[in-house]
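Residue numbers run from 1 in the order of the sequence given.
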Amino acid sequence: MREHHQLTGTIIVGRIDAHSNTHHVAALDSSGRRLGSQEFPASTRGYQDALDWLGSFGVIDKIGIESTGSYAAGLTRFLLARGVDIVEVNQPHPHLRARRCKDDAIDAEAAAMKALSGQAAVVPKNTTGVVESIRILRVSRDSAIRSRTRTQLQLRDLLITAPAELREQITERTTAALIERGAGLRPDRDDLADPFHATKYSLRTLAKRVLDLTAEIREVDVVLEELVA
């Protein structure tokens, strides 16, 4: 059961130590006195419960949050939308965390002290606008590009080890020509036990995958161009 407090005149500084599934929240008063700490789930309901819990101690001045661009991105958007003053707090030094046995409650309290003292004054980047949308779309684009490059290399490597008869048939040297030729191969699906046809099948599969990834990249590029404009 959560504790409830009626310190409505107290100025509160909060600190949130973020993880993938839970966030640990600490509350300090303006003198740096620890008022409490509690863990909440990393969900919309958990965000609201954490905000209500902090507010139960008094008036929230600011909240220091770690990992605003990763684990705490959703929480940061939630709090900014509700007008809460947020400052970004760097993770404690690894040696310090080791000495503290990686205690989330201590991490949360230490970062709240940074927010209170002004050591943490970095405003977290806004992840609610078009710039964030562009960043998100570039994640899928970059992934597709890496996959396409890897598949192209696999296509060429497979051709190098292909049966001599097949290598002699495929004379294309440029990557684009090789992909086009590979996508047009017609292996005998009833004779895939033969390395000749198994290789043709794999070459065609890889070539078509490159074409699909290229189409995916172009589709994302169209959307990105619109957003950038």
Side-chain angles (χ1 to χ4, degrees), residues 16-23 41-48 50-51 62-91 115 120-160 162 170-187 199-229:
I16 299 177
D17 184 29
H19 301 280
S20 58
N21 298 316
T22 60
H23 298 329
S43 64
T44 302
R45 177 60 184 272
Y47 302 158
Q48 186 63 60
L51 183 59
K62 66 182 70 173
I63 300 177
I65 302 180
E66 179 185 304
S67 306
T68 60
S70 55
Y71 290 136
L75 172 64
T76 301
R77 287 192 291 267
F78 178 90
L79 294 175
L80 288 175
R82 284 152 182 78
V84 179
D85 186 11
I86 303 296
V87 292
E88 173 128 23
V89 177
N90 294 328
Q91 293 184 350
V122 177
V123 177
K125 66 181 180 181
N126 190 336
T127 61
T128 62
V130 67
V131 173
E132 179 66 7
S133 295
I134 291 172
R135 186 194 68 79
I136 293 170
L137 289 168
R138 283 188 60 85
V139 170
S140 62
R141 182 183 188 275
D142 292 346
S143 175
I145 289 176
R146 288 194 297 271
S147 296
R148 183 177 65 177
T149 300
R150 183 169 59 250
T151 305
Q152 288 172 339
L153 292 174
Q154 291 171 336
L155 182 65
R156 287 199 168 277
D157 289 344
L158 186 58
L159 184 60
I160 291 173
I170 301 176
T171 59
E172 287 76 10
R173 291 295 174 261
T174 67
T175 300
L178 178 58
I179 292 169
E180 184 178 355
R181 178 63 185 278
L185 291 174
R186 295 292 181 267
T199 304
K200 287 179 69 174
Y201 183 89
S202 291
L203 288 171
R204 187 182 68 169
T205 299
L206 292 172
K208 287 187 172 182
R209 186 178 302 162
V210 171
L211 294 175
D212 289 342
L213 287 168
T214 298
E216 179 182 325
I217 293 166
R218 288 173 178 167
E219 184 178 342
V220 176
D221 282 343
V222 170
V223 178
L224 285 171
E225 287 176 6
E226 294 174 353
L227 292 178
V228 170

So do Gln48 and Phe78 actually touch side chain to side chain, heavy atoms under 4.5 Å?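 Of all side-chain heavy-atom pairs linking Gln48 with Phe78, at least one is under 4.5 Å.
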What I'd like to find out is whether the side chain of Tyr47 reaches to under 4.5 Å of the side chain of Leu79, using heavy atoms alone.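 No; the side chains remain at least 4.5 Å from each other.
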Tell me the closest heavy-atom pair linking [X] and [Y], and the distance in Å.
X: Val89; Y: Gly64; answer: CG2-CA, 3.6 Å
X: Arg77; Y: Glu132; answer: NH1-OE2, 4.3 Å
X: Ala72; Y: Glu66; answer: CB-O, 3.4 Å
X: Ala18; Y: His23; answer: CA-ND1, 3.4 Å
X: Ser20; Y: Ala42; answer: O-CB, 3.8 Å

Side-chain donor-acceptor contact under 3.5 Å, Asn21 with His19: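 No pair is found: no donor N or O on one side chain lies under 3.5 Å from an acceptor on the other.
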So, using side chain to side chain contact (heavy atoms under 4.5 Å, CB included) as the criterion, who are the partners of Thr151 when residues are at least two apart?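 By the side chain to side chain contact (heavy atoms under 4.5 Å, CB included) rule, Thr151 matches Gln154, Leu206, Arg209, Val210, Leu213.
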Rounded distance [0.5 Å steps], [atom1] in [X] versus [atom2] in [Y]:
X: Ile86; Y: Leu80; atom1: CD1; atom2: CG; result: 5.5 Å
X: Glu180; Y: Thr174; atom1: CD; atom2: OG1; result: 9.0 Å
X: Leu185; Y: Ile170; atom1: CG; atom2: CD1; result: 5.0 Å
X: Leu224; Y: Arg135; atom1: CG; atom2: CZ; result: 12.5 Å
X: Leu178; Y: Leu159; atom1: CG; atom2: CG; result: 6.0 Å
X: Ile217; Y: Arg148; atom1: CD1; atom2: CZ; result: 3.5 Å

Exceeds 12 heavy-atom contacts within 6.0 angstrom, atom CD of Glu172: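 Buried by this count: over 12 neighbours within 6.0 Å.
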Looking at Arg156, I want to see if its CZ is surrounded by more than 12 non-hydrogen atoms of other residues, nucleotides or ligands under 6.0 Å.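 Yes, CZ of Arg156 has more than 12 neighbouring heavy atoms, counting only those of other groups under 6.0 Å.
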Without swapping roles, check the side chain of Ser67 against the backbone of Ser70 for a donor-acceptor pair under 3.5 Å.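 Flag not set: sc Ser67 to bb Ser70 has no pair under 3.5 Å.
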Does Ser140 use its side chain to pair, donor to acceptor, with the backbone of Leu137 at less than 3.5 Å?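 Yes; at least one donor-acceptor contact below 3.5 Å.
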Go through the structure and list residues passing side chain to side chain donor-acceptor pair (under 3.5 Å) with Thr149, not counting sequence neighbours.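 With neighbours one apart ignored, the set is empty.
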